[in-house]
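Notes to accompany the following structure.
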Amino acid sequence: MLETLPKSASLVTLGGESTRLHPLFGLDLTALTQLFSEMGERPYRAKQLAEAMYRQRVAHLDQITTLPQALRDRLTVAGWELGRPQIAESFKSVDGTERYLIQTGAQTVETVWMPEGDDGAEFSEEDGSDRPSAGAWKRATICVSSQIGCAVNCQFCLTAKLGLLRNLTPGEIAGQVVAVLERHNVDLNKNRVNLVFMGMGEPFLNYDNFMAAVRLLMDHVGIAAPRMTVSTSGIVPGILRFAEEKVRPKLAISLNAPNDEVRESIMPVNRKWNIEAVMDAVRTIPFRNREKVTFEYVMLGGVTDQPEHAAQVIRLVRKANIPAMVNLIAWNPGPGIAYNSPSAASVAAFQSQLLAAGIQTYVRRPRGRDIYAACGQLKRTTESAA
Ligand code: SAH
Ligand code: SF4
């Protein structure tokens with residue numbers, strides 16, 4: 001693990017030679033303890049470093065004053081840097097949502113902050129800074145990316161247009177969360193923060209790094225697994241592995257279509273794992289008490305939003321026989337994608353039809369559409385509006 005050289009490493013000149021620095025951020029306590037023991041240091045130093053990086057959100061080695069200067073110098077000379085991803089650009093929506101481009105090596109990745117206030121006045125900006133004061137919001141959700149781009153190629157999704165550029169490392173996935181917590185001065189003891197792995201990429205096609213990030217976030221950053229939800233387009237081997245995890249986030253499945261024929265036309269992945277194969281895999285998960293799977297359903301005007309589609313979804317959900325709820329997402333438009341958003345009336349009718357069938361059904365409120373932050377709009381856009 002210590003030998004791997006993530007692409008986020010930067011170049012420095014040490015003793016006249018250009019050397020890449022390894023990021024410490026992303027190493028868990030076991031790896032840090034091993035590193036320090038190889039350097040002849042005591043294990044409590046590893047704890048101090050983990051505490052500073054993950055709990056206090058210190059972004060530079062030279063700011064970790066609990067570690068002696070000599071030790072910090074030795075780490076640098078040995079080729080280490082703190083190396084946590086940093087926010088490079090931010091865009092703020094009229095609804096309080098913020099979208100960040102976070103630097104991961106030469107490329108950026110997207111992360112979204114969605115605060116929920118009681119009265120809509122989510123931030124107090126009286127101090128004139130762009131850092132909202134903690135406590136101005138009651139709870140918040142951070143939407144995290146797992147890959148740069150995506151290979152799954154869903155026809156309605158802007159991220160798909162990028163193709164897959166690369167997998168993110170555990171430190172780059174967890175680092176998005178820590179950078180955003182730092183930006184908002186979040187006190188995890190006081191503020192409720194949920195994580196959704198619904199940003200760029202397919203988490204289950206980067207399974208090991210994704211789960212390593214989840215463990216960092218649970219064990220070191222301090223966010224409990226039931227506060228996290230991972231969404232997959234239906235990667236069956238990933239779902240089967242997920243079912244074996246002792247501690248894991250909640251699961252959301254991008255169903256998105258009422259039958260295999262439509263699903264195949266909008267999600268090519270359905271040719272490899274059809275609806276039944278996905279449902280069979282989900283059924284292997286030992287659900288926690290009261291836990292439910294979320295079926296996400298992107299409503300494409302005229303394509304998936306009709307009453308007969310709702311009737312088919314009802315049949316699918318009943319046949320699946322899985323504790324489930326449905327999350328309807330009105331399609332968010334993007335340049336170069338030729339679908340239509342559904343009308344508000346068809347979304348409402350669809351929801352009523354499912355509710356009448358006894359299926360718990362929500363409509364996902366679009367967040368940050370004006371800054372390209374809403375579902376399926378993450379494409380590293382540097383403008384804030386269309
Ligand atoms: N790759 C994973 C997670 C990220 S996408 C997955 O597909 O599940 C998160 C959700 O946004 C998915 O349910 C996806 O179907 C939905 N989505 C993608 N593009 C969208 C768009 N343009 N409008 C609304 N939802 C979209
Ligand atoms: Fe990838 Fe999810 Fe977009 Fe499909 S919807 S292309 S799986 S990010």
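First listed ligand is number 1; within each ligand, the first listed atom is number 1. Residue numbers run from 1 in the order of the sequence given.
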Joint hydrophobic cluster, Val196 plus Leu216, side-chain heavy atoms closer than 4.5 Å: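 Not linked; separate clusters.
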
Common cluster, Ile87/Ile142, ILVMFWY with side-chain heavy-atom separation under 4.5 Å: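 Per the 4.5 Å side-chain linkage, Ile87 and Ile142 are co-clustered.
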
Counting only heavy atoms not in [X] (residues, nucleotides, ligands), do more than 12 fall under 6.0 Å from its [atom1]?
X: Arg288; atom1: CZ; answer: yes
X: Glu276; atom1: CD; answer: no
X: Gln69; atom1: CD; answer: yes

Show the atoms of ligand 1 that are less than 4.0 angstrom away from any heavy atom in [X].
X: Ile329; result: 24 (C), 25 (N)
X: Ser233; result: 6 (C), 8 (O)
X: Gly199; result: 4 (C)
X: Glu202; result: 1 (N), 2 (C)

Does the side chain of [Y] come within less than 4.5 Å of [X]'s, by heavy atoms?
X: Ser146; Y: Leu168; value: no
X: Tyr100; Y: Gln176; value: no
X: Thr229; Y: Pro249; value: no
X: Val214; Y: Phe197; value: yes

Plane angle bin for Trp113 and His184 - parallel if under 30°, tilted between 30 and 60°, otherwise perpendicular: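 His184 vs Trp113 ring planes: parallel.
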
Plane angle bin for Trp80 and His22 - parallel if under 30°, tilted between 30 and 60°, otherwise perpendicular: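 The arrangement is tilted - the two ring planes meet at 30° to 60°.
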
Write out the residue and atom name of the closest protein heavy atom to [atom], then the distance separating them to 0.1 Å.
atom: atom 19 (N) of ligand 1; result: Gly376 CA, 3.0 Å
atom: atom 16 (C) of ligand 1; result: Val298 CG2, 3.7 Å
atom: atom 9 (C) of ligand 1; result: Met198 O, 3.7 Å
atom: atom 25 (N) of ligand 1; result: Cys375 CB, 3.4 Å
atom: atom 7 (O) of ligand 1; result: Ser254 OG, 3.5 Å

Going by an N to O cut-off under 4.0 Å, is there a salt bridge joining [X] and [Y]?
X: Arg271; Y: Glu264; result: yes
X: Asp260; Y: Arg263; result: no
X: Arg367; Y: Asp95; result: yes

Asn256 and ligand 1 - part of the residue with a heavy-atom distance under 4.0 Å: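 The answer is the side chain.
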
Mode of Asn332 contact toward ligand 1 - side chain, backbone, both, neither (heavy atoms, under 4.0 Å):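 Contact part for Asn332 vs ligand 1: both backbone and side chain.
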
Gly201 touching ligand 1 at heavy-atom level, < 4.0 angstrom: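 Under 4.0 Å: yes for Gly201.
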
contact_flag Cys154 ligand 1 heavy-atom lt 4.0 Å: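 No, that is not the case, since the closest heavy atom of the residue is not under 4.0 Å from the ligand.
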
Nitrogen or oxygen atoms of Phe156 and ligand 1 under 3.5 Å apart: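 Looking only at distances, the answer is yes, because the N/O contact criterion of under 3.5 Å is met.
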
Number of protein N/O/S atoms that sit closer than 2.8 Å to atom 1 (Fe) of ligand 2: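 Step by step: take atom 1 (Fe) of ligand 2, keep protein N, O, S below 2.8 Å, and you get 1.
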
Atom 2 (Fe) of ligand 2: any protein heavy atom closer than 4.0 Å: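 It does not: no protein heavy atom is found less than 4.0 Å away from atom 2 (Fe) of ligand 2.
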
Nearest candidate to atom 3 (C) of ligand 1, where distance is taken over non-hydrogen atoms, out of Ser231, Gly334, Pro333: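 That would be Ser231.
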
Closest candidate by heavy atom, reference atom 10 (C) of ligand 1, pool Glu296, Arg369, Met299: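 Checking each option, the heavy atom nearest atom 10 (C) of ligand 1 is found in Glu296.
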
